[in-house]
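In what follows, a structure is listed as structure tokens, so that the remarks can point back to it.
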Amino acid sequence: MAVTRGFVGRRAADSSRVPPGQYVTRDFPVLSAGPTPYTQLDAWDFTIRGAVDNPVSWSWAEFQALPHEKFTVDIHCVTKWTKLDMTWSGVPLDTLLAAVPTQAPYALAFSDGGYTTNIPLADLRGGKAWIVDEYDGRPLDPEHGGPARLLVPHLYFWKSAKWIRGLDLRTDDQPGFWEMFGYHNYGDPWKEQRYDGD
């Protein structure tokens, strides 16, 4: 049987790290719903608003002055790629949310370019999420969501909104951009929650 030279197939994935239906890539694919915004740092801020007594905003300089964490996680995209051992730096959402007391159970992340995605607030707390501004020791490229993006590694990657500008804390769960187009409302990769009804 003839085999095309150079074809080696996909290597078996570690099922303890790679969810069902995913394959491991060494690349960092760029997938976006629209054109890449290029936000000047002096015009960037991050705001938490909505079901709070007083909205709070941080300029880029104020955000940079907050304690940052460097950490390594695996990322799982709904398009079925997984990238292992990605090293990021950013501010934990716990730090930002501590400045805005709320009883709201939901958040709607909003970004430059009009993108939104909904996430239960419990999934942004407890060391589960960050606003990241560095990847692999360098400032985050605009194609990958820079100057800053939300990172929620335990959910499919579309929940980690690129070009993040804030969170709208809500008493109701409002679907975001992809959720309105039939993507799953929650997006757990281990349960293969890719689309509505999964």
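Side-chain atoms of Glu62 come within 3.5 Å of backbone N or O of Ser59 as a donor-acceptor pair.
In this structure the side chain of Val18 reaches within 4.5 angstrom of the side chain of Leu84, judged on heavy atoms. A 4.5 Å side-chain heavy-atom check between Leu96 and Leu66 finds at least one atom pair inside the cut-off. Within the 4.5 Å cutoff, the side chain of Lys162 has heavy atoms near those of the Val30 side chain. Looking only at side-chain heavy atoms (C-beta outward), Leu155 and Gln193 stay at 4.5 Å or farther from each other. Residues Phe46 and Leu150 are not in side-chain contact: their nearest non-hydrogen atoms beyond the backbone lie 4.5 Å or more apart. The shortest distance between side-chain heavy atoms of His68 and Ser89 falls below 4.5 Å. A 4.5 Å side-chain heavy-atom check between Arg165 and Asp45 finds at least one atom pair inside the cut-off. Taking 4.5 Å as the limit, some side-chain heavy atom of Tyr156 sits within range of a side-chain heavy atom of Gln22.
The closest side-chain donor-acceptor pair between Asn185 and Asn118 falls under 3.5 angstrom. Side chains of His154 and Asp188: no donor on one and acceptor on the other come within 3.5 Å. Of the N and O atoms on the side chains of Thr82 and His76, at least one donor lies less than 3.5 Å from an acceptor on the other residue. Side chains of Thr72 and Asp85: no donor on one and acceptor on the other come within 3.5 Å. For the residue pair Asp123 and Tyr186, a side-chain donor N or O sits within less than 3.5 Å of a side-chain acceptor on the partner.
The structure places OG of Ser160 at 4.5 Å from CG of Leu151, a figure rounded to the nearest 0.5 Å. Here the straight-line distance linking atom OG1 of Thr39 with atom CG of Asp112 works out to 3.5 Å at 0.5 Å rounding. Of the inter-residue distances, the one linking Tyr106 atom OH with Leu124 atom CG reads 13.0 Å to the nearest 0.5 angstrom. Taking CZ from Arg49 and OG1 from Thr102, the interatomic distance works out to 14.0 Å, rounded to the nearest 0.5 Å.
Phe110 does not carry Arg170 over the face of its six-membered ring by the limits of under 6.0 Å from the centre and within 45° of the normal.
Ring geometry for Trp88 against Tyr135 counts as tilted: the plane angle lies between 30° and 60°, on a 0 to 90° scale. Between Tyr115 and Phe177, the angle of the ring planes lies from 30° to 60°, which puts this pair in the tilted group.
Residues Ile75 and Tyr23 are members of one and the same hydrophobic cluster, defined by side-chain heavy-atom contacts under 4.5 angstrom among Ile, Leu, Val, Met, Phe, Trp and Tyr. A continuous path of Ile, Leu, Val, Met, Phe, Trp and Tyr side chains, each step under 4.5 Å between heavy atoms, connects Ile131 with Ile119, placing both in one hydrophobic cluster. Residue Leu140 is not grouped with residue Trp163 when hydrophobic side chains (ILVMFWY) are merged at heavy-atom distances under 4.5 angstrom, including chains of intermediate members. The same ILVMFWY cluster, assembled from side-chain heavy atoms under 4.5 Å apart, contains both Met86 and Trp130. Linking Ile, Leu, Val, Met, Phe, Trp and Tyr whenever their side-chain heavy atoms come within less than 4.5 Å puts Val91 and Leu93 in one cluster.
Closest heavy-atom contact between Val56 and Ala99: CG2-O, 3.9 Å. Minimum heavy-atom separation, Gly90 to Asp133: CA-OD1, 4.2 Å. Across all non-hydrogen atoms, the minimal contact from His144 to Phe28 is CE1-O, 3.2 Å. Counting all heavy atoms, side chain and backbone alike, Arg125 lies closest to Asp94 at CA-OD1, 3.2 Å. Closest approach of Ala107 and Leu169 over heavy atoms only: CB-CD2, 3.9 Å. In terms of heavy-atom proximity, Ile164 sits nearest to Trp44 at O-NE1, 3.3 Å.
Between Asp74 and Lys83 there is no salt bridge, since no side-chain nitrogen of the basic residue lies less than 4.0 Å from a carboxylate oxygen of the acidic one. Taking 4.0 Å as the cut-off between side-chain N and carboxylate O, Lys159 and Glu179 count as a salt-bridged pair.
Of the candidates Trp158, Tyr183, Phe181, Tyr195 forms a ring pair (Phe, Tyr, Trp, His ring centres under 6.0 Å) with just one, namely Tyr183.
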Worksheet entry | Steps toward side chain to side chain contact (heavy atoms under 4.5 Å, CB included) verdict (Thr87, Lys70) | CA-CA 7 Å; Thr87 301; Lys70 184 178 178 181; 3.5 Å; yes
Discussion item. Show, in sequence, the C-alpha distance, side-chain angles and deciding distance for Leu121 and Leu97, and conclude whether the side chain to side chain contact (heavy atoms under 4.5 Å, CB included) test is met.
Written reply: CA-CA 10 Å; Leu121 205 56; Leu97 289 167; 4.2 Å; yes
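Crowding of Asp172 atom CG: a count of heavy atoms from other residues, nucleotides or ligands under 6.0 Å exceeding 12.
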